[in-house]
K.L.:
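Can you keep this structure in mind? I'll have questions shortly.
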Amino acid sequence: MDMDDSIQFRWIEINELPLFNEDLEKGGAPETVTSFKSSIQGVDGIMIVSPEYNSGIPGVLKNALDWASRPRESSVMSRKPVGLIGATPGE
């Protein structure tokens, strides 16, 4: 990376995504899903920052990853570098 290069971050919201449903996917994804996928398609990489929830991944994040990874053969996540930062209140 050259000193002249800059890094830009784009916040991509996941709280408005409907619960993943294959029937809904086959019938044509809602606008919130197409907008979400378009946002991912337009970035070079993804940084996921999330707390642990009940000893696991929060349901809303799992739901977003389900939408982003489908359909498998044309997933917007394909070949994107992903970084993951987690946090837990445990010891």
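None of these values were measured; they are calculated from a predicted model.
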K.L.:
Linking directly or through intermediates, with side-chain heavy atoms under 4.5 Å: list the remaining ILVMFWY members grouped with Y53, chain and number order.
P.N.:
none
K.L.:
Is there a donor-acceptor pair under 3.5 Å between the side chain of S39 and the backbone N or O of S35?
P.N.:
yes
K.L.:
F36: which residues meet the ring-ring contact (aromatic ring centres under 6.0 Å, His included) condition with it, sequence neighbours left out?
P.N.:
none
K.L.:
E25: what forms a salt bridge (Lys or Arg N to Asp or Glu O under 4.0 Å) with it, not counting sequence neighbours?
P.N.:
R70
K.L.:
Show your reasoning for whether side-chain contact (heavy atoms from CB on, under 4.5 Å) applies to I48 and I85.
P.N.:
CA-CA 6 Å; I48 298 170; I85 299 173; over 6 Å; no
K.L.:
Considering residues at least two apart in sequence or located in another chain, which fulfil the side-chain hydrogen bond (donor to acceptor under 3.5 Å, both in side chains) criterion with D66?
P.N.:
K62
K.L.:
Would you give me the side-chain donor-acceptor pairs under 3.5 Å for residues 13-21, sequence neighbours excluded?
P.N.:
residue: E13; atom: OE2; partner: W11; partner atom: NE1; Å: 2.8
residue: N21; atom: OD1; partner: D23; partner atom: N; Å: 2.7
residue: N21; atom: OD1; partner: L24; partner atom: N; Å: 3.1

K.L.:
What distance separates I12 CD1 from M47 CE, expressed to the nearest 0.5 Å?
P.N.:
12.5 Å
K.L.:
With a cut-off of 3.5 Å and sequence neighbours excluded, list every side-chain donor-acceptor pair involving residues 72-84.
P.N.:
residue: S75; atom: OG; partner: A68; partner atom: O; Å: 2.9
residue: S75; atom: OG; partner: M77; partner atom: N; Å: 3.0
residue: K80; atom: NZ; partner: I40; partner atom: O; Å: 3.3
residue: K80; atom: NZ; partner: Q41; partner atom: O; Å: 3.3
residue: K80; atom: NZ; partner: V43; partner atom: O; Å: 2.4

